[in-house]
Amino acid sequence: MIDKNLVREIIAKRVAKEFKDGDVVNLGIGLPTEVANYIDKDVEVILQSENGFIGLGPAPEEGKEDKDLVNAGGKYVTMMPGGACFDSAMSFAIIRGGHVDATVLGALQVDEEGNLANWMIPGKMVPGMGGAMDLVVGAKKVIVAMEHTAKGAPKILKRCTLPLTAAKEVNLIVTEMGVIEVTDKGLVLKEIAPNTTVEEVIAATEANLIISEDLKVMEL
Amino acid sequence: MIDKNLVREIIAKRVAKEFKDGDVVNLGIGLPTEVANYIDKDVEVILQSENGFIGLGPAPEEGKEDKDLVNAGGKYVTMMPGGACFDSAMSFAIIRGGHVDATVLGALQVDEEGNLANWMIPGKMVPGMGGAMDLVVGAKKVIVAMEHTAKGAPKILKRCTLPLTAAKEVNLIVTEMGVIEVTDKGLVLKEIAPNTTVEEVIAATEANLIISEDLKVMEL
Amino acid sequence: MNKIKTIDEVMEFIKDGQTIMFGGFLAVGTAENIVDAIVKKGVKDLTIICNDTAFVDKGVGKLVANKQVKKVIVSHIGTNPETGRQMNAGEIEVELVPQGTLAERIRAYGAGLGGVLTPTGLGTVVEEGKTIIEVDGKKYLLEKPLKADVAIIKGSKVDKKGNVWYSKTTRNFNPIMAMAADLVIVEAEEIVEVGEIEPENVVTPHILVDYIVKGGER
Amino acid sequence: MNKIKTIDEVMEFIKDGQTIMFGGFLAVGTAENIVDAIVKKGVKDLTIICNDTAFVDKGVGKLVANKQVKKVIVSHIGTNPETGRQMNAGEIEVELVPQGTLAERIRAYGAGLGGVLTPTGLGTVVEEGKTIIEVDGKKYLLEKPLKADVAIIKGSKVDKKGNVWYSKTTRNFNPIMAMAADLVIVEAEEIVEVGEIEPENVVTPHILVDYIVKGGER
């Protein structure tokens, strides 16, 4: 079994390759946030923070925190040159209006239709959806970045059993085992991690997987 | 017959008395604009200009025009200290959302129900409604400021015959002959101009007029 | 018209059972001094509209922790365990609203619109009990406007007339809430002279603000 | 990414039959140099969305006068007699929209909303052919979103990334149009360095702008 940190690094590195110069991207809390560390230096990605600005930069040095500048997780951050601030209505107008090229989120479950569940476990965890429902509906491309299984149980299912965040909005699933595209025909395994077999991916996935004729090894 | 300029002055002066300190007011093009000249000095009225600011001030001195600062009629104006600019969506959010205390507009016709027609004469004049429909629906108080008749013909009718600007939104009609309130029971003549008789007002009005038991002489 | 009041003076407007909107995102941009004064006053049965319930010891979370709140309308309660505990115990009602929908519902009231047609929440529990409207073959949820008795706003710079400028991410829900309440009170980190905020840089025009309270930095 | 282009370079994006939004209110805040270039290019059958048709010799009125426009969607045509003449002669189609509704329809598209529920126009000819929706006993017109192929914006200060700041009443429809078109071109009165416009004072964030053209004062 590979190290948790390595798993996260693999996922974040692979997601980072999805972006092209000038893309506007919203990264969810947790693992998705780490994607920013692996974006190619020649590629300028503009990060949108749904609490109200574009140009999200890395965490400040200790002692240089600005009490007025946090990300959507409430953590102190910095702003890149050329950043711009706005209110919550404008922030979500930008998101819902399709002005964000991609959003990267974690998931509890994803399914064959591209349905996503990531905001509550009834009777257990009801934190609220925050901005996730709008992000998943509004962003041009929805990338789920998550570990392939949870305590060994598949998270990529035939049908989500948890309450949905949004229906049929996921475009791409990136895990430490591979890259799966959501298509009209179902889930297509496009890339597979080095040292992993197709059989292993299938075994760890409840959903039917269509194996791409052009299956590639995940580039990291 | 009294002088046209005097008529306008009477109307503008009387309308100016409707405002109290701190009121936000939008004045239409033409006669309503002149109301600003007669507002009591102890009363601070904040003028909203629907093309995008509050704090509309008087016309600039010749040679001091700012090409970027016009009113909703496209005329050069000034901005009072503490003025604020916004876009058209915000401007009409302010108007439609009830944040404007009063709007003063001219009319082609007004009727017993408080219907207003002031934006087109089919086949003759179709300039467009501009911001008038939103202003009449959104402002807390709608004041029609107009000459009582047009070429001798009544403008205060039983029912408007021209296309409406808005239905049942007018609250007060101020003319050179008197002040008429629109109530659930119909039009109530509350004030009458000096040297005018109730019979003269009734003769110049097509609509039924209820004469207030407390009929006063217009204060100017 | 002098709009500047002390915190004690504006407390007379805060009453049991009111619906109060608070700006702020995880307490950043929340009027902390006014929240403290409301905690001290101890009014009860409030309905709070805010992005989230912040933390037990920060932002509107303090009102929840002090059991002054009967209902919250928010997008997130995960950072304040007390909200979850009271919800599970049946002590507080929680209406969860997607963040963008919450913003638009507040804006809709402030802008005099009858509601919002949004694709957000379609096919989820959010659509339960709501009207679905089809426009040109696409489906949308009809979400209704939200209003409040009082909006409590936090401004970084507020001029003496009440024009407000917000620093960085403190803006969030403050400007739209300033349009959606019968009474608007702004806590100013700094009160400046009229004219110090350029007309173009004013975010909340003074006509929307009823009272200004000096807050100071916290 | 260099967004700065010459006016000639951006003319390649302007084509016959397009729907184009132009900021401006009676031509104040309209990108006059780009309008002139479109007149010179002579593209035909345009649909123009703007507050008004300005004047025969100013703003989008020049395009109407030059007979390049098949339809206008505006709130007012009264200042440009040529629009009225062409309308009466059946040469141009005029869709008149209340100004606030026009603003909200444009904003709705840019914000990904399915439409707007407004009380404006109820009981008038504006409601003809439209759906009336009742929300909590009050009636509203459902007004549909408006989009364009290209939005032509005028900025007073534009930084090299594309952040836009508008002077006084030049703002009007520009910011909402910048959100409602496939391609957004801004004519900058002044191009400034990145950072010269404070993040809080940016009105149109650079991510909404595709190209910047230096216009100069007129």
Side-chain angles (χ1 to χ4, degrees), chain C residues 29 98-101 103-105 107-122 127 130-147 155-157 163-172 174-176 189 196-205, chain D residues 29 98-101 103-105 107-122 127 130-147 155-157 163-172 174-176 189 196-205:
Chain C
Q99 204 166 112
T101 300
E104 283 296 323
R105 289 178 66 190
R107 181 184 182 275
Y109 184 85
L113 300 171
V116 177
L117 302 182
T118 178
T120 302
L122 276 175
E127 78 173 43
K130 286 175 190 151
T131 307
I132 293 176
I133 298 210
E134 205 170 303
V135 181
D136 293 337
K138 283 190 69 180
K139 286 180 178 166
Y140 299 92
L141 282 188
L142 175 94
E143 294 275 9
K144 293 183 186 175
L146 271 178
K147 68 153 289 188
S156 304
K157 281 185 195 174
N163 287 308
V164 188
W165 182 91
Y166 306 91
S167 165
K168 305 197 180 68
T169 56
T170 66
R171 193 180 310 190
N172 55 69
N174 283 299
I176 46 177
E189 198 159 294
E196 280 192 42
I197 310 171
E198 289 288 308
E200 289 92 343
N201 300 339
V202 169
V203 177
T204 296
Chain D
Q99 205 167 112
T101 300
E104 283 296 321
R105 290 178 66 190
R107 181 184 182 275
Y109 183 84
L113 300 172
V116 177
L117 302 182
T118 179
T120 302
L122 276 175
E127 77 172 44
K130 286 175 191 151
T131 306
I132 293 176
I133 298 212
E134 206 170 303
V135 182
D136 293 338
K138 282 190 71 179
K139 287 180 177 167
Y140 298 93
L141 281 187
L142 191 158
E143 294 274 8
K144 293 184 186 174
L146 270 178
K147 68 155 288 189
S156 304
K157 282 185 193 172
N163 287 309
V164 188
W165 183 90
Y166 306 91
S167 165
K168 305 197 180 70
T169 56
T170 65
R171 190 180 310 190
N172 54 69
N174 283 299
I176 47 177
E189 198 159 294
E196 281 193 41
I197 309 172
E198 288 289 307
E200 289 92 342
N201 300 339
V202 169
V203 177
T204 297

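All values reported here derive from a predicted model rather than from experimental measurement. All chains are named by letter (A, B, ...) in the order of the sequence lines, taking the proteins before the strands, and each is independently numbered beginning at 1.
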Enquirer: When you compare the side chain of D:Leu142 with that of C:Leu117, does any pair of heavy atoms fall below 4.5 Å?
Expert: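 They are in side-chain contact.
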
Enquirer: Grab the two heavy atoms, one from C:Gly112 and one from D:Pro119, that are nearest each other, plus how far apart they are.
Expert: O-CD, 3.4 Å

Enquirer: So for C:Glu104, is it side chain, backbone, both, or neither that comes closer than 4.5 Å to the heavy atoms of chain D?
Expert: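 Side chain of C:Glu104 only, per the 4.5 Å heavy-atom cut-off to chain D.
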
Enquirer: Answer yes or no: does atom NZ of D:Lys130 have more than 12 heavy-atom neighbours from other residues, nucleotides or ligands under 6.0 Å?
Expert: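 Counting other residues, nucleotides and ligands, NZ of D:Lys130 exceeds 12 neighbours.
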
Enquirer: Which atoms of C:Ile133 are under 4.5 Å from chain D, going by heavy atoms: the side chain, the backbone, both sets, or neither?
Expert: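 Contact with chain D is through the side chain of C:Ile133 alone.
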
Enquirer: I want to check something: taking the side chain as every heavy atom from C-beta on, are D:Arg107 and C:Arg107 in contact at a cut-off of under 4.5 Å?
Expert: yes

Enquirer: Could you grab the distance from atom OG1 of C:Thr169 to atom CD of D:Glu200, nearest 0.5 Å is fine?
Expert: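 If I round to the nearest 0.5 Å, the distance is 9.5 Å.
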
Enquirer: Less than 4.5 Å apart, side chain to side chain, heavy atoms only: is that true for C:Trp165 and D:Asn201?
Expert: yes

Enquirer: Please look at C:Thr120 and chain D and tell me whether the side chain, the backbone, both or neither of the residue comes under 4.5 angstrom of a heavy atom of that chain.
Expert: neither

Enquirer: At a heavy-atom distance under 4.5 Å, which candidate from D:Val203, D:Asp136, D:Val116, D:Val202 has the highest pair count against chain C?
Expert: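 Most heavy-atom pairs within the cutoff with chain C belong to D:Asp136.
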
Enquirer: If you define the side chain from C-beta out and look only at heavy atoms, does anything of C:Pro199 sit under 4.5 Å from D:Lys168?
Expert: no

